[in-house]
Amino acid sequence: MTVRVRFAPSPTGHPHIGNIRTVVFNWLFARQNNGQFVLRIEDTDRTRYVPEALRAITESLRWLGMDWDEGPDVGGPYGPYVQSERLALYRQKAEELIEKGWAYRCNCSPERLERVRAAQRAQGKPPMYDGHCRNKPPGAVSPDEPHVIRLKVPREGKTVVHDLLKGEIAFENRLIDDQILLKSDGYPTYHLAVVVDDHLMHISHVIRADEWLPSTPKHVLLYRAFGWEPPVFVHVPLVLGPDGKKLSKRHGAVSVAEFKRQGYLPEALFNYLALLGWAPGEGDEQEIFTREELIERFDLRRVKLSPAVFSYEKLDWMNGVYIRNLSDEALLERLIPFWQEAGLIPSPVPAEELERLMILVPLVKERIKRLRDVVPLTDFIFTEIEPPAPEKLIGKKMTARQSLEALRSAHELLKNLVPFDAATMEPRMRQLAKDLGLKAGQLFTIIRVAISNKKVAPPLFGTMEALGRQKTLQRLAQAEEILAAYITETEAHA
RNA sequence: GGCCCCAUCGUCUAGUGGCCUAGGACGUCGGCCUCUCAAGCCGAAAACAGGGAUUCGAAUUCCCUUGGGGCCA
């Protein structure tokens with residue numbers, strides 16, 4: 001059997017990371033079986049339609065490295081792949097079901113339906129259509145008057161759903177509503193459209209989230225009504241937020257675009273998502289997988305049954321691992337857009353600026369979890385800094401005078417240092433600390449504050465090299481002035 | 001409320017009747033390293049939801065309870 005799976009999102013906004021995890025499973029399954037992965041747009045709910053959504057969906061999938069074999073943009077043998085372009089088909093299929101006695105027209109007014117529902121609720125019964133039009137003689141409701149088409153669900157017995165992961169699940173037919181298949185505006189409901197399309201597009205495995213499990217018996221009934229072979233159903237667990245509820249915006253970033261903007265690497269996010277609800281097992285403790293390894297190792301049958309909580313902490317860790325595994329050149333390339341976005345460097349990047357950036361890359365590499373983190377870590381190199389407060393310029397267990405002396409000595413040393421690079425600086429500065437009777441940390445901290453006005457920054461010498469001699473000396477001079485003024489002032493008061 | 005799904009450290013998980021004194025990872029805590037912060041290394045705390053049953057033996061099988069989640073309104 002040829003494996004054919006699909007991702008069938010509604011174009012209602014940016015794709016959600018929880019849904020994307022399910023896409024990852026679909027894609028992996030398709031690729032490892034040399035099958036096809038189909039993208040289909042389910043836009044039959046016109047009230048929630050967002051025009052830019054289609055682009056957001058395709059961009060997100062592409063960014064994560066998931067390609068599709070058939071879809072709205074690439075076409076394919078079973079198109080069109082947008083449901084709103086298939087309306088005639090659904091209408092035709094609904095009529096077919098009426099002819100077969102599996103569906104009927106219903107012209108009950110909304111008021112009547114509301115009345116029925118209210119009565120049922122009053123009796124503590126689940127609200128369902130009462131079958132008012134179900135037993136009217138054929139033709140009683142004219143095709144020309146406003147009406148819906150409903151599925152004639154058997155009143156007795158059970159409908160069994162076969163799920164690859166959960167096994168057989170039985171639903172009592174009497175609890176299944178006479179589902180509307182075609183709305184009065186001629187649009188199909190989800191249930192009709194999904195069954196018709198999955199069948200016509202030869203989908204072999206419907207891999208979707210658990211939230212669809214309760215509607216699956218309706219789908220099974222529809223397959224039976226049409227006389228079609230149902231696909232293999234695979235309901236995979238939901239992705240939850242840290243509070244155990246379905247992951248949503250209030251938990252933090254949920255759209256792929258947001259993860260991209262924060263500087264997650266697509267390969268890291270992909271890796272993390274693949275491991276959310278699946279693990280290689282057999283005692284294998286590997287967690288970092290290439291895309292190829294995942295395609296090879298992924299096992300649909302090993303997907304967990306219980307919902308998984310999305311851990312931003314673990315994703316951050318994994319992203320850091322991927323960042324550190326990048327070559328300096330590759331990381332530089334990925335970092336540049338973030339520096340540009342923050343307005344720290346121009347676009348395109350001048351050649352001499354590139355050299356400076358290249359000095360920085362190895363220094364920031366093991367200090368960032370997300371690419372965006374590079375901005376607050378290095379901004380002081382590109383922009384002017386707030387003059388540091390004098391108290392911050394006084395070294396640990398040191399007086400203001402000692403600190404000033406340390407600054408002046410360092411200034412003197414750096415003024416004529418050739419070449420002005422980290423390798424040359426470091427031994428000289430260490431010697432200077434010794435000569436001044438200071439610990440290296442005492443001296444370096446003062447200088448760090450002087451040049452960055454930060455107490456946390458990348459390693460000092462590389463930072464100064466990137467800053468350049470002129471700016472370094474300028475900032476040291478500024479710090480000296482601040483400290484000198486401070487000393488004069490405090491001594492005047494004393 | 002009805003129906004359905006699920007249940008191992010805080011989180012992701014390994015485990016499919018004896019290998020379990022329940023393993024790994026993230027996070028947390030402590031230490032080492034160290035110019036700050038990281039990274040790295042070492043170490044620690046941390047779980048089989050509860051109760052029955054089956055069995056010589058149960059995290060692993062069955063039942064009930066509890067808890068969580070989803071769907072329908």
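Naming convention: chains lettered A, B, ... in sequence-line order (proteins, then strands); numbering from 1 in each chain. These values consider heavy atoms only, across backbone and side chains, with no hydrogens, waters or symmetry-generated copies.
- For the OP1/OP2 pair of B:C71 and a distance below 4.0 Å, the side-chain nitrogens and oxygens of A:Lys218 include no atom meeting the criterion.
- Contact between the side-chain N/O atoms of A:Arg302 and the OP1/OP2 oxygens of B:A14 is found at a separation under 4.0 Å.
- Between B:U60 and B:A49, the distance separating the two P atoms is 8 Å to the nearest Å.
- Within the 4.0 Å cut-off from OP1 or OP2 of B:A38, not a single side-chain nitrogen or oxygen of A:Arg324 is found.
- At a threshold of 4.0 angstrom between heavy atoms, the contacts of A:Pro237 with the nucleic acid are absent.
- Using the six-membered ring where Trp is involved, A:His191 and A:His219 have ring planes that are tilted, between 30° and 60° apart.
- Taking the centre and axis of the six-membered ring of A:Phe289, the NZ or CZ atom of A:Arg297 falls outside the cone set by 45° and 6.0 Å.
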- Item | Nucleotide-resolved protein contact map, nucleotides 6-12 of chain B, B/S/- at heavy-atom distance under 4.0 Å | SS---SB
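- B:G43 and B:C29 make up a base pair, with Watson-Crick or G-U wobble contacts both under 3.5 Å.
- Only A:Arg430, A:Gly441, A:Phe444, listed by number, bring a heavy atom of residues 422-447 of chain A to less than 4.0 angstrom from any atom of RNA chain B.
- Among A:Thr22, A:Asn26, A:Thr216, the single residue meeting the side-chain hydrogen bond (donor to acceptor under 3.5 Å, both in side chains) criterion with A:Arg208 is A:Thr216.
- Taking A:His205 as the reference, A:Phe29 meet the ring-ring contact (aromatic ring centres under 6.0 Å, His included) condition, with sequence neighbours excluded.
- Taking side-chain N and O atoms only, A:Lys396 has no distance below 4.0 Å to OP1 or OP2 of B:U36.
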